[in-house]
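Below, all heavy atoms of this structure are taken into account, side chains as well, without hydrogens, waters or symmetry copies.
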Amino acid sequence: MSVYPRIAGRLVRPTPGMLKLGAGLFALQAKALPLLPLERVLAALYHKEPDRVPVVHFLLGGARRLTGISYEEFSRNPDAAVEAYAAMTEMLGSDAYYNVIDLSVEAADFGQEMVYPSYSTAHPNYMNPLIKTPDDYNRLETFDPRTTPRMGMVIKVGRMLSRKAGIKYPVLGFCFGPLGVLAMMRGAQALFIDCVRFPEKVKVALDVITEVLIDFVRAQCDTGVDGVMLDTLFAAQSGISRDMWEEMEGKYARRIADEIRRWGALVTLHNCGNRPYFDLQIEYMRPDAISFADLPDDCDSMRELKEKYGGKVALVGFVHTHEICSKDAGEIMEVAREQIKALAPGGGFILAPGCEYPPNAEFLNAMAMTRAARIYGKYPIR
Amino acid sequence: MDRNSQLEPIAAAVKDGDDEKARSLCESALQAGVDPREIIQKGLSRGMHEVGELFGSGEMFVPELLVAAEAMNAGISVLLPSLKGADDRKKEKVVIGVVEGDVHGIGKNLVKVMLEADGFEVLDLGFDVPAEKFLEEVSGSGARVLALSTMMTTTLPNMRKTVELAGNLQPKPVTIVGGAPLSEDLVFEMNADGFARDAAQAPGMLRSVLSR
Ligand code: B12
């Protein structure tokens with residue numbers, strides 16, 4: 001939101017204590033009156049019961065369809081992206097603004113060649129990775145993300161969204177984790193092999209990337225976004241082992257998360273892998289919330305998840321994107337109902353897809369999620 | 001030295017992803033007069049199978065599996081010259097790739113590795129492969145098997161289309177499919193001949209489909 005005052009050039013935000021108090025007050029207010037999205041999300045994040053379960057849709061590039069622009073415009077023109085996001089939030093009744101353009105924003109500014117298709121998400125030219133051999137890892141150089149085209153655009157969009165959000169919506173920035181950024185410049189498979197064979201070479205690049213990402217989240221925090229979402233996608237059984245993650249990403253991601261916190265913004269995580277390592281990610285990044293697509297590696301049911309982690313972080317999820325593509329609205333409402341029943345009591349839950357809402361999927365299922373939050377997500381949950 | 005004490009370390013080198021060691025141990029075994037097919041079966045392939053099982057049970061991860069595959073291939077490259085002629089059995093050819101619109105190639109690569117370890121000859125078309133390209137390769141190479149992968153629900157229609165078009169080829173190839181969004185129902189619906197949840201199960205599944 002845009003209402004934080006600035007003193008000596010620096011945004012002044014409420015302390016966690018104040019936010020917690022506010023969340024409690026919103027929860028009280030919710031007993032009599034409907035809340036604004038920002039109030040609803042804040043209450044939920046601080047494990048209080050708002051008027052109903054908040055819902056976000058992670059409909060990113062797909063939002064362009066609402067305003068009739070091409071993917072390329074969405075990826076390159078900040079005004080067009082903001083308009084698409086705002087239209088989508090309004091139409092779907094989402095409870096937050098988020099600022100994710102695509103997963104190649106950071107890599108592109110390091111020099112990775114990009115492809116901008118008209119009808120799908122921008123991505124690296126996989127045939128021409130920037131890092132071609134393990135000896136190329138030391139070629140990366142730091143830069144100021146405020147001055148580069150793609151990260152610069154994200155910062156600009158963050159500022160515009162914060163202004164637009166006012167006190168109505170919370171705004172969430174985004175930053176791909178260091179290993180993810182590197183995967184976009186080397187190819188995930190080659191990077192995995194290098195992590196086994198040449199970890200020291202990979203770390204040289206991770207150091208440089210982390211410096212830039214720290215600066216990137218700092219610049220995002222300064223726009224007034226309320227939190228930044230860090231995507232540590234490989235911290236899951238579908239990615240790399242727990243030990244390797246600690247060594248090759250945990251240490252770096254911790255520094256980025258600390259920076260977000262230092263500026264008073266909320267730390268949120270995203271991980272759409274199978275069987276994510278919640279405990280490790282919590283240990284390293286101390287997030288306020290985790291957005292996820294699958295049960296953690298140490299939980300076998302939603303109940304166990306709520307018991308083990310529900311008190312430590314807010315849970316954001318986890319209608320699977322495969323279901324969004326293959327099920328109808330009625331079935332999606334059922335999936336959402338089950339999740340709300342298991343995860344929402346006591347607050348600490350935001351209904352969302354497990355990952356980006358598939359950009360070309362029907363909007364109807366997104367609306368069904370909103371409807372489920374409004375009907376089944378009304379507190380107290382029955 | 002008996003056979004086993006010579007072949008077991010080869011399997012272990014594969015498991016450890018040690019390509020140097022796999023190469024040198026294969027060389028020594030060859031010099032000691034071990035049949036290269038036996039080195040593959042009881043050394044390299046066995047190591048790869050064990051890795052596949054550990055991966056299937058969540059005890060090993062993608063990076064370790066990938067380096068194990070490199071070690072296996074390093075060993076095979078040593079054996080290749082002596083295999084010519086020695087290995088006169090015809091290998092079953094498999095054309096593999098990720099369907100059009102999808103760049104998630106890691107799962108497909110693991111399946112390729114496991115099939116190779118099991119003695120199939122795999123022609124890899126990479127990712128984002130149009131249906132026409134698959135058909136061309138199958139017809140051109142005379143492969144009997146077409147293996148398709150996709151990780152996205154949004155590209156399932158392209159998989160379906162490829163399976164359908166392959167059904168019109170003469171002779172009709174055996175089509176096997178895999179990837180996270182698939183279910184037994186979907187596989188049945190798209191008329192594919194076989195499906196496996198993970199790479200470790202792929203060779204066994206394919207052998208059973210081929211023997212039907
Ligand atoms: C790593 C990853 C990426 C990497 C891919 C790197 C690479 N070179 O492959 C990157 C970051 C590049 C990426 C990009 C994108 N991704 Co992605 N990604 C993943 C992730 C986290 C893991 C996939 C993986 O590698 N798994 C590990 C391997 C070993 O498992 P596997 O692929 O399932 O393969 C096994 C089996 O399925 C089986 N198998 C596979 N193929 C075959 C074939 C045969 C014949 C057989 C028998 C068996 C078989 O055996 C394999 C080995 O055991 C998944 C999330 C998840 N939970 O799976 C998302 C996921 C697949 N991605 C997703 C999306 C949306 C994207 C993007 C579109 C994001 C974007 N908007 O830019 C782009 C895709 C662009 C494109 N056009 O393809 C979604 C797909 C949703 C959908 N629509 O269905 C997922 C599911 C995330 C989510 N939860 O929503 N991604």
What distance do [X] atom [atom1] and [Y] atom [atom2] have between them, rounded to the nearest 0.5 Å?
| X | Y | atom1 | atom2 | result |
| --- | --- | --- | --- | --- |
| A:H320 | B:T153 | NE2 | OG1 | 8.0 Å |
| A:M127 | B:D128 | CE | CG | 7.5 Å |
| A:I324 | B:T154 | CD1 | OG1 | 12.0 Å |
| B:E64 | A:C195 | CD | SG | 10.0 Å |
| B:L186 | A:S326 | CG | OG | 7.5 Å |
| B:H104 | A:Q189 | NE2 | CD | 13.0 Å |

**Request:** Examine whether an atom of A:R275 lies under 4.5 Å from a heavy atom of chain B, and if so say whether it belongs to the side chain, the backbone or both; otherwise answer neither.
**Result:**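 Looking at A:R275, nothing touches chain B.
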
**Max heavy-atom pair count under 4.5 Å with chain B, selected residue of A:G187, A:S120, A:G239, A:P117** =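 Option with the top pair count is A:G239.
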
**Other residues, nucleotides, ligands: >12 heavy atoms within 6.0 Å of A:E113 CD** =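 Enclosed: over 12 neighbouring heavy atoms sit under 6.0 Å from CD of A:E113.
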
**Request:** Report, as yes or no, whether the 6.0 Å neighbourhood of atom CD on A:E362 holds more than 12 heavy atoms from other residues, nucleotides or ligands.
**Result:**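 At most 12 heavy atoms, drawn from other residues, nucleotides or ligands, come within 6.0 Å of this atom.
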
**Item:** Contact residues of residues 17-30 of chain B (partner chain A; heavy-atom separation under 4.5 angstrom)
**Value:**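 Within residues 17-30 of chain B, near chain A: B:G17, B:D19.
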
**Request:** Examine whether an atom of B:V62 lies under 4.5 Å from a heavy atom of chain A, and if so say whether it belongs to the side chain, the backbone or both; otherwise answer neither.
**Result:**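 Both the backbone and the side chain of B:V62 come within 4.5 Å of chain A.
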
**Prompt:** Quick one: are B:I106 and A:F192 in side-chain contact, heavy atoms under 4.5 Å?
**Reply:**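 The answer is yes; the side chains approach within 4.5 Å.
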
**Message:** As a quick check of understanding, evaluate side-chain contact (heavy atoms from CB on, under 4.5 Å) for A:I193 and B:E70, giving each step before the final call.
**Reply:** CA-CA 9 Å; A:I193 293 173; B:E70 284 195 341; 3.5 Å; yes

**Asked** If you count heavy-atom pairs under 4.5 Å with chain A, which of B:L156, B:L66, B:L65 comes out on top?
**Response**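 The option with the most such pairs is B:L66.
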
